[in-house]
Amino acid sequence: MNLETVVILAAGEGTRMKSATPKVLHSISGRTLVGHVLHAVSGLSAKQVRVVVGAGREKVEAHIAEIAPHAVTVFQEKRGGTGHATQLALVGLKPTGTILILAGDTPLLTSTSLTHLLEHHHAGGFTASVMTALHPDPTGYGRIIRADDDSLARIVEERDADESEKEIIEVNSGVYAFDAAKLAGAIGKLKTENSQGELYLTDVIEILRNEGGTIAPVLIDDFFEILGVNDRVQLAESAALLRDRINEDLMREGVTIVDPLSTWVDSTAKIERDVILMPGTAITGTTTVASGAVVGPRSTLHNCTVGESARVLESHCTEAIIGASVNVGPFTFLRAGTKLLTGSKAGAFVEMKNATLGEGSKVPHLSYVGDAVIGEGSNIGAATIFVNYDGVEKHYTVVGDHVRIGSDSMLVAPVTIGDGAYTAAGSVITEDVPPGAIGVGRAKQRNVIGWVLRKRPGTKSAEAASRHSSDEQKG
Ligand code: UD1
Ligand code: CA
């Protein structure tokens, strides 16, 4: 298939978004709007991709350089219409082969439909092919005016349409395949005689037809695909449609999604079969979830790796590696650099960052573990804090294998707890504990006998205490 060039028109201001962010940089399902379009065209093996940028130029260019470094950007300084944007895109372009033109604000387009358009275009040897769809509410779209032989006569914009033309529900998707040489010949002939005083790319259809060109409308089944995003309502609608599409694909591939409406999986995430996603769960970015894992309810995994048969319950995890058969949650916060090795556990109200928890080791309750390596088979008692920050710098803690950290220990970094060592509950550990030793870092307990009767006479405590013999009171 001789697809020479793809042009993506993305210079519009997106005024209706009412945003400091350029429209095409708004994200749904883990990709920006223009990112979805670039992704859809990436499989078409075009020789070159040009993106026309304008509003928010620097931000859009930087984003495109990051996600599609092969694409070339063309700058449209002032909005002159889709025809004007196309004129700029064609400057310096060899007019050969096929050119595909589409907008940067249609995130639901699939490469399947684009391929279908191109195949149809090439098979029929058409001058131009226009992707169209039947839209139940065509308001705002250009309408497809067909000739008697069903070929495409022209496209009329909503603002320029008369009442009977507005009744037409076949709409222009804004996706076109052109014979590049014919397009190059016609694009200079556009005029601004329309309600917006702009050069409309859509007018090139009538020009080509009048010059004897053949124009094919290519009707696709699903009008969802061509939905454009012009405001935040449409942004949310497109996001929901994409969510449904992704969830349906996953379910057909063997993933259980208990409540598809409240489960949001980015198109960039990967989930293996026999994973169970519970309600209220978001799997975003480059997260991968291996077979047999159960995630949720109400959990977020961003750029995480989840191993086979792991369990993540009511938790928020970013850039964490959660190994096979690991237990996380409920109410656990795993931050960047957390590594939970096979069979380990980060339990309720535990926060971790930049820390490795060895095989089978457990941090079951109410702890902070930062900047640490913990060996295998160790247990970190409830409410232990890895004191990693001295107010200026972060320091490291090393905990060996089969260690028992007593509840409410403070491990003041830098510090090392040797293999098989213990710390006494409530200890503030500021010095290394050698292998096999117990570190006790707390004051010895003393009881002040009779204190309550002397200092709190007449209280319920004193009354309770007075039920005991004076011998007991003396200890
Ligand atoms: C356009 C089509 C309409 C079609 C609809 C499909 C025209 C005249 N109309 O209308 O027939 O049904 O798309 O969604 O083409 N852009 C530029 N530079 C400009 C103007 C626009 O780059 O000077 C870009 C925009 O950023 C956008 C795309 O072109 O990505 C389409 O522009 P937009 O203003 O959204 O056109 P519509 O009114 O939606
Ligand atoms: Ca649009």
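One-based numbering, in listed order, for ligands and for the atoms of each. Remember, predicted model here, so these are calculated numbers, not experimental data.
Short contacts between ligand 1 and Thr82, defined as distances under 4.0 Å to a heavy atom of the residue, involve ligand atoms 7 (C), 8 (C), 15 (O), 20 (C), 21 (C), 29 (O), 31 (C), 32 (O). Heavy-atom contacts of Asp105 reach the following atoms of ligand 1: 30 (O), 35 (O) (cutoff under 4.0 Å). Taking a cut-off of under 4.0 Å to the non-hydrogen atoms of Gly80, the atoms of ligand 1 that pass are 23 (O). Which parts of ligand 1 touch Ala103 is read off a 4.0 Å heavy-atom cut-off, strictly below it: atoms 28 (C), 30 (O). With ligand atoms numbered from 1 in the order given, ligand 1 contributes 3 (C), 4 (C), 11 (O), 12 (O) to contacts under 4.0 Å with heavy atoms of Gly142. Close approach of ligand 1 to Gly104 (heavy-atom distance below 4.0 Å) involves ligand atoms 30 (O). Shown in contact with Ala85 at under 4.0 Å from a heavy atom are these atoms of ligand 1, numbered in order with element: 17 (C), 18 (N), 22 (O).
Remark: side-chain polar atoms of Thr98 are not paired, donor with acceptor, to backbone N or O of Leu3 under 3.5 angstrom. For the pair Thr127 (side chain) and Thr214 (backbone), a donor-acceptor distance under 3.5 Å is present. Put simply, the side chain of Ser299 never gets that close to the backbone of Val295: no donor and acceptor are under 3.5 Å apart.
Protein heavy atom closest to atom 33 (P) of ligand 1, with residue, atom name and distance, is Arg79 NH2, 4.3 Å. Here the heavy atom of the protein found nearest to atom 13 (O) of ligand 1 is Gly174 CA, 4.6 Å. Taking atom 16 (N) of ligand 1 as the reference point, the nearest protein heavy-atom neighbour is Gly12 N, 4.0 Å. Leu9 O, 2.7 Å is the protein heavy atom nearest to atom 30 (O) of ligand 1. Of the protein's non-hydrogen atoms, the one nearest atom 23 (O) of ligand 1 is Gly81 N, 2.8 Å. Among all non-hydrogen protein atoms, the one lying nearest atom 22 (O) of ligand 1 is Ala11 N, 2.9 Å. At the shortest separation from atom 18 (N) of ligand 1 among protein heavy atoms lies Gln76 OE1, 2.6 Å. Protein heavy atom nearest atom 11 (O) of ligand 1, with residue, atom name and distance: Glu157 OE2, 2.6 Å.
Taking all atoms of both residues into account, the shortest heavy-atom contact from Ser129 to His121 is OG-ND1, 2.7 Å. For the pair Ser29 and Ile246, the tightest heavy-atom approach, listed with the atom from each and the gap, is OG-CD1, 3.2 Å.
For atom 20 (C) of ligand 1, the protein comes within 4.0 Å by at least one heavy atom. Within a 4.0 Å radius of atom 26 (O) of ligand 1, the protein contributes at least one heavy atom. Put simply, atom 38 (O) of ligand 1 has no protein non-hydrogen atoms near it, under 4.0 Å away.
Ranked by closest heavy atom to atom 4 (C) of ligand 1, the top entry among Val60, Asn172, Val171 is Asn172.
Note: His135 and Tyr141 have tilted aromatic rings, judged against thresholds of 30 and 60 degrees for the angle between ring planes.
With salt bridges taken as basic N to acidic carboxylate O contacts below 4.0 Å, one links Asp105 and Lys23.
Under the 4.5 Å side-chain criterion, counting only non-hydrogen atoms from C-beta, Ile28 is in contact with His36. Put simply, the side chain of Arg245 reaches to within 4.5 Å of the side chain of Leu242, judged on heavy atoms.
Within Asp105, the N, O or S atom at minimum distance from the Ca ion (ligand 2) carries the name OD2.
Not counting sequence neighbours, Asp266 has no partner by the side-chain hydrogen bond (donor to acceptor under 3.5 Å, both in side chains) test.
Looking at ligand 1, you won't find any N or O of Ile226 less than 3.5 Å from one of its N or O atoms.
The only member of Leu117, Val218, Ile155 that meets side chain to side chain contact (heavy atoms under 4.5 Å, CB included) when paired with Val130 is Ile155.
Listed by first and then second residue, the ring-ring contact (aromatic ring centres under 6.0 Å, His included) pairs involving residues 64-93 amount to none (not counting sequence neighbours).
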- How far apart are the C-alpha atoms of His120 and Phe126, what are their side-chain angles, what is the distance that settles it, and do they pass the ring pair (Phe, Tyr, Trp, His ring centres under 6.0 Å) test? CA-CA 9 Å; His120 191 278; Phe126 298 108; 5.6 Å; yes
